Amino acid sequence: MAAPAGQVGADLLRPERRQAGIIDMSLADLEKNVMAVCNNKRCKGRKDYGNVTDNARQPCTLSVKPHTIDAANGLDLDGGLSNRDKTTLTPRDILHYNLGLAQNTADDDSDYARAVIRLNCRNCKSIAMDMLAEDTSQALHLQIRNVYCHDIQFLKLLYQPGDSSMPDDARVVCELVGKVPAADLLTQRTLECIQRSLQSAHGRLRAKLMEKGHKAAIHFRNKHKTYIRIGLGLKVLGDLTAVLELWPSKFSSPRHHHGGCAGSV
């Protein structure tokens, strides 16, 4: 749930990290928090998570490589780029290299290859993805933002409405949570109705729980590895649907990731 900051102006986010956008961070700094889905079924890192029900994002290393098409044509990166150290090389540098290459070779007959930012699974070294840095800085920001996981050491502990320093996805979630009239929804009467529906032999919530429990017994060999999600259509949220999640006694969620998602507690 969104909450006002305990002290006005409190800022637990390091100034240097807040002021520099992610495309201006060095590759060495970025790869400390970059994660992507590893498609190698034999990756030992994936097995560490056990039987998860959604994506298996793995920590990745970053490197600069020639575009696969250009490499196939025997081209390589300009030495001025390929020899740069990861502690000083930024995604913006790579973008400027590619844009400069395009501007200086209108006939598309350059002696150098375009550069991609390659993500390799840190566990099995497989290629997770190549990011093309040849569009706009905004497009590159979105590409990296999709794989960059926030380091909680640099994030504020409390959300303050109107705070622009918080990551966009987290800020939006906090703002939406703040609109949900939880006190009006979860009244004593509502809680009693939920309890009766779960305990009654003919209760709809109990029927849904038993239905999901049957599926959980097949997939996880444990009928208690499930929970109930109830969609709540709220006028204040417009077309968005809030979700009320219930974990009855002895029931729990199957182990899973929330890769790439922001949450508010």
Side-chain angles (χ1 to χ4, degrees), residues 1-4 6 35-58 146 149-150 152 155-161 166-265:
M1 180 178 294
M35 300 182 74
V37 174
C38 178
N39 295 311
N40 179 9
K41 294 182 179 180
R42 298 180 180 178
C43 176
K44 293 182 179 180
R46 291 183 59 168
K47 296 178 181 179
D48 289 342
Y49 293 109
N51 294 320
V52 294
T53 58
D54 52 9
N55 66 33
R57 289 195 172 199
Q58 300 295 318
N146 191 43
C149 299
H150 300 303
I152 60 174
L155 294 181
K156 291 184 176 181
L157 297 179
L158 297 175
Y159 169 70
Q160 187 173 11
M166 182 171 285
D168 292 341
D169 54 348
R171 177 175 52 79
V172 170
V173 169
C174 288
E175 289 177 351
L176 290 174
V177 169
K179 293 181 179 180
V180 176
D184 296 332
L185 286 173
L186 300 178
T187 62
Q188 186 61 36
R189 180 175 179 276
T190 300
L191 295 176
E192 290 173 355
C193 289
I194 290 174
Q195 184 178 31
R196 285 197 299 270
S197 187
L198 285 170
Q199 295 177 346
S200 172
H202 303 290
R204 295 184 66 180
L205 291 182
R206 181 181 178 84
K208 174 57 70 174
L209 188 63
M210 294 302 101
E211 175 189 334
K212 297 188 68 176
H214 177 69
K215 295 179 180 178
I218 297 174
H219 291 290
F220 309 110
R221 299 180 182 180
N222 187 339
K223 68 178 182 179
H224 292 113
K225 285 293 181 182
T226 190
Y227 59 103
I228 300 175
R229 301 180 67 179
I230 304 174
L232 302 176
L234 300 175
K235 186 176 181 180
V236 293
L237 296 182
D239 294 334
L240 299 177
T241 300
V243 176
L244 175 64
E245 297 186 341
L246 304 175
W247 288 268
S249 178
K250 297 181 180 180
F251 285 82
S252 62
S253 301
R255 192 175 184 186
H256 61 290
H257 294 280
H258 280 283
C261 299
S264 172
V265 179

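Please read these numbers as outputs of a predicted model, since none were measured by experiment. We count residues from 1, following the sequence as given.
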To the nearest 0.5 Å, how far apart are [atom1] in [X] and [atom2] in [Y]?
X      : Y      : atom1 : atom2 : answer
Thr190 : Gln188 : OG1   : CD    : 9.0 Å
Lys223 : His214 : NZ    : NE2   : 12.0 Å
Gln160 : Cys174 : CD    : SG    : 12.0 Å
Gln199 : Ile194 : CD    : CD1   : 12.0 Å
Asn222 : Lys250 : CG    : NZ    : 12.0 Å

Which heavy atom of [X] sits nearest to which heavy atom of [Y], and what is that distance?
X      : Y      : value
Ser197 : Arg204 : OG-N, 3.4 Å
Trp247 : Ser252 : CD1-CA, 3.8 Å
Ala216 : Lys225 : CB-O, 3.5 Å

With a 3.5 Å distance limit and no angle check, can you tell me whether Thr241 reaches the backbone of Leu232 through a side-chain donor-acceptor pair? no
Do the non-hydrogen side-chain atoms of [X] and [Y] ever get within less than 4.5 Å of each other?
X      : Y      : value
Ile228 : Leu244 : no
Leu209 : Leu246 : no
Val243 : Ile230 : no

Evaluate the criterion side-chain contact (heavy atoms from CB on, under 4.5 Å) for residue pair Leu237 and Val180; output intermediate values, then yes/no. CA-CA 8 Å; Leu237 296 182; Val180 176; 4.2 Å; yes
Can you sort out the partners of Ser200 under side-chain contact (heavy atoms from CB on, under 4.5 Å), two or more places apart, ordered by chain and number? His202
Which residues pass the side-chain contact (heavy atoms from CB on, under 4.5 Å) test with Lys212, not counting sequence neighbours?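 Testing Lys212 for side-chain contact (heavy atoms from CB on, under 4.5 Å), a comparison that skips the adjacent residues, returns Lys208, Thr226.
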Which of these, Leu186, Thr187, Leu191, sits in a side-chain contact (heavy atoms from CB on, under 4.5 Å) with Arg189? Thr187
Restricting to ring pair (Phe, Tyr, Trp, His ring centres under 6.0 Å), what partner residues turn up for His224, sequence neighbours left out?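 In terms of ring pair (Phe, Tyr, Trp, His ring centres under 6.0 Å), with neighbours along the sequence ignored, His224 is linked to Phe251.
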